[in-house]
There are 2 protein chains.
Amino acid sequence: MEHLSEKECKSAGMAVRDTLETISGKWKLLLLLTFYKGGRRRFRELVKELNISPRVLSKELQELEMHKLVSRTVCDTRPVTVEYDITPYCKTLAPVISAMKEWGEQHRAEILGKKNTSENGGE
Amino acid sequence: MEHLSEKECKSAGMAVRDTLETISGKWKLLLLLTFYKGGRRRFRELVKELNISPRVLSKELQELEMHKLVSRTVCDTRPVTVEYDITPYCKTLAPVISAMKEWGEQHRAEILGKKNTSENGGE
DNA sequence: CATGTCAGTATCCTTTTTGTAACCGGTTAC
DNA sequence: GTAACCGGTTACAAAAAGGATACTGACATG
């Protein structure tokens with residue numbers, strides 16, 4: 001990626017922004033990671049496990065579902081239960097997540113590591 | 001990146017979140033792109049060009065500067081002017097932006113392109 | 001000194017996001 | 001029926017993000 005033209009910039013910006021919006025939000029990443037590491041979950045399970053309000057959870061899951069990153073399965077049990085999980089399509093995000101993880105780690109080092117050998121705030 | 005352990009997940013999530021927060025916000029991407037394609041700008045120039053309020057611009061630039069993505073240079077002119085530009089370090093973001101651009105484009109096709117050839121709700 | 005430019009801040013306001021809590025309709029258990 | 005669990009929504013509150021606008025302080029022009 002050398003230098004982009006005006007037009008390329010705009011469309012690239014749009015695509016990047018789309019991606020950004022898809023995974024932005026306080027809970028989306030955490031939800032994906034939760035499914036990723038622990039498999040599918042029911043609605044109430046998520047509420048308790050993550051300590052998220054049902055209202056917000058419902059909204060986040062709907063958005064993830066809209067973007068095909070999460071599947072919603074109604075199980076034919078009495079007290080009908082609903083299971084959520086990541087989709088295979090979600091794997092297409094891997095390069096993005098991976099790049100962000102790399103940069104985030106490197107960046108943390110850049111920002112925190114080189115502040116000054118003496119000076120120190122931290123929390 | 002195959003399957004991550006509990007611990008790996010948490011730290012990866014943190015790094016990803018850091019990256020996300022660094023470039024989230026209504027103007028950050030646009031600012032970076034603006035510098036990228038048109039070079040450095042003065043404060044007022046940005047206000048007019050992007051139609052952003054000085055209050056918000058100031059905040060966004062400060063945040064970008066904190067993250068070393070943007071440089072702030074006070075020019076020794078009368079009416080002192082201040083020039084902002086992307087830093088060389090900003091280039092380290094390229095893989096992230098690139099991955100997000102790719103996915104954003106592919107995802108747009110996935111969501112909009114394949115709704116269904118027959119079925120259709122539409123609005 | 002009044003007027004204008006510059007970078008940036010202070011004050012106030014609107015919109016968006018997130019959270020709290022009560023609740024609905026359905027089912028099971030008593 | 002009453003209570004409990006399920007998925008989920010509704011109505012409301014709090015907080016964060018974004019925005020409009022006036023203003024400060026520095027310098028310059030006339």
Side-chain angles (χ1 to χ4, degrees), chain A residues 13 16-35 38-67 69-87, chain B residues 13 16-35 38-67 69-87:
Chain A
V16 174
R17 189 165 296 276
D18 283 348
T19 304
L20 211 43
E21 281 168 10
T22 303
I23 58 178
S24 281
K26 196 169 176 185
W27 298 98
K28 298 217 175 62
L29 218 59
L30 181 55
L31 280 167
L32 294 182
L33 242 22
T34 299
F35 294 132
R40 61 189 189 209
R41 296 285 202 299
R42 299 203 318 273
F43 192 87
R44 287 288 168 188
E45 282 179 327
L46 290 168
V47 168
K48 283 177 192 165
E49 198 172 329
L50 305 182
N51 207 25
I52 181 178
S53 74
R55 180 181 122 49
V56 176
L57 177 59
S58 175
K59 201 191 116 233
E60 301 280 276
L61 286 173
Q62 275 170 27
E63 285 170 12
L64 288 170
E65 203 195 339
M66 264 181 27
H67 285 285
L69 298 175
V70 156
S71 65
R72 176 180 182 276
T73 312
V74 179
C75 302
D76 195 18
T77 54
R78 314 116 319 255
V80 173
T81 54
V82 177
E83 288 184 339
Y84 291 91
D85 202 352
I86 39 179
T87 60
Chain B
V16 174
R17 190 164 295 276
D18 283 348
T19 304
L20 210 43
E21 279 167 11
T22 303
I23 57 178
S24 281
K26 196 168 175 183
W27 298 99
K28 298 218 176 60
L29 218 59
L30 181 56
L31 280 167
L32 294 181
L33 243 20
T34 299
F35 294 132
R40 60 187 192 214
R41 296 284 203 300
R42 299 202 318 275
F43 192 87
R44 286 289 167 189
E45 282 179 327
L46 289 168
V47 168
K48 284 178 191 165
E49 199 172 329
L50 304 182
N51 206 25
I52 182 179
S53 78
R55 180 181 119 55
V56 176
L57 177 60
S58 177
K59 201 190 116 232
E60 300 280 276
L61 286 172
Q62 274 172 28
E63 286 170 12
L64 288 170
E65 203 196 340
M66 265 181 25
H67 285 286
L69 298 176
V70 156
S71 65
R72 176 180 181 277
T73 313
V74 178
C75 302
D76 195 17
T77 54
R78 311 117 320 263
V80 174
T81 53
V82 177
E83 288 184 340
Y84 291 91
D85 202 352
I86 38 179
T87 60

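A note on names: the letters A, B, ... follow the listed sequences, proteins ahead of strands, and every chain is numbered from 1. Computed from a predicted model, the values in this text were never measured in an experiment.
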Exercise. Can you check side-chain contact (heavy atoms from CB on, under 4.5 Å) on B:Leu64 and B:Ile86, steps first, answer last?
Worked result: CA-CA 9 Å; B:Leu64 288 170; B:Ile86 38 179; over 6 Å; no
Exercise. How would you list, by chain and number, every residue that makes a side-chain contact (heavy atoms from CB on, under 4.5 Å) with A:Glu21, sequence neighbours excluded?
Worked result: A:Arg17
Exercise. Starting at CD of A:Glu21 and ending at C1' of D:dA17, how long is that distance when rounded to a whole Å?
Worked result: 14 Å
For this session: Pick out which of A:Arg41, A:Arg40, A:Arg42 makes a side chain to side chain donor-acceptor pair (under 3.5 Å) with A:Glu83.
Result: A:Arg40
Exercise. Taking CG from B:Asn51 and P from D:dT21, how many angstroms apart are they, rounded to a whole number?
Worked result: 11 Å
Exercise. Could you state the CZ-C1' distance from B:Arg44 to D:dA26, rounded to the nearest angstrom?
Worked result: 13 Å
Seminar exercise, completed: Outer limits of DNA chain C sitting under 4.0 Å from a non-hydrogen atom of chain A, read 5' to 3', are C:dT18 to C:dT28
Exercise. Just checking B:Arg78: base, sugar-phosphate only, or nothing, at a heavy-atom cut-off of under 4.0 Å?
Worked result: sugar-phosphate
Exercise. When rounded to the nearest 0.5 angstrom, what distance separates OG in A:Ser53 from CH2 in A:Trp27?
Worked result: 8.0 Å
Seminar exercise, completed: The salt bridge (charged side-chain N to carboxylate O under 4.0 Å, His left out) partners of A:Arg72 (sequence neighbours excluded) come to none
Problem set entry | Whole-Å distance separating the CG atom of B:Leu31 from the C1' atom of D:dG18 | 14 Å
Exercise. Within the structure shown, what part of the strands sits under 4.0 Å from A:Arg55 by heavy-atom distance: base, sugar-phosphate, or nothing?
Worked result: base
For this session: Give A:Gln62 one of three labels, base, sugar-phosphate or nothing, depending on what nucleic acid heavy atoms sit under 4.0 Å from its own.
Result: sugar-phosphate
Seminar exercise, completed: Per nearest nucleotide of DNA chain C, the residue lying toward the 5' end, A:Val80 or A:Lys28, is A:Lys28
For this session: Have a look at B:Val82 and say if it touches a base, only the backbone sugar-phosphate, or nothing, with a 4.0 Å heavy-atom cut-off.
Result: sugar-phosphate
Problem set entry | Whole angstrom value for the distance that separates C1' of D:dG25 from CZ of B:Phe43 | 15 Å
For this session: Could you tell me whether the side chain of B:Leu31 reaches within less than 4.5 Å of the side chain of B:Tyr84, counting heavy atoms only?
Result: no
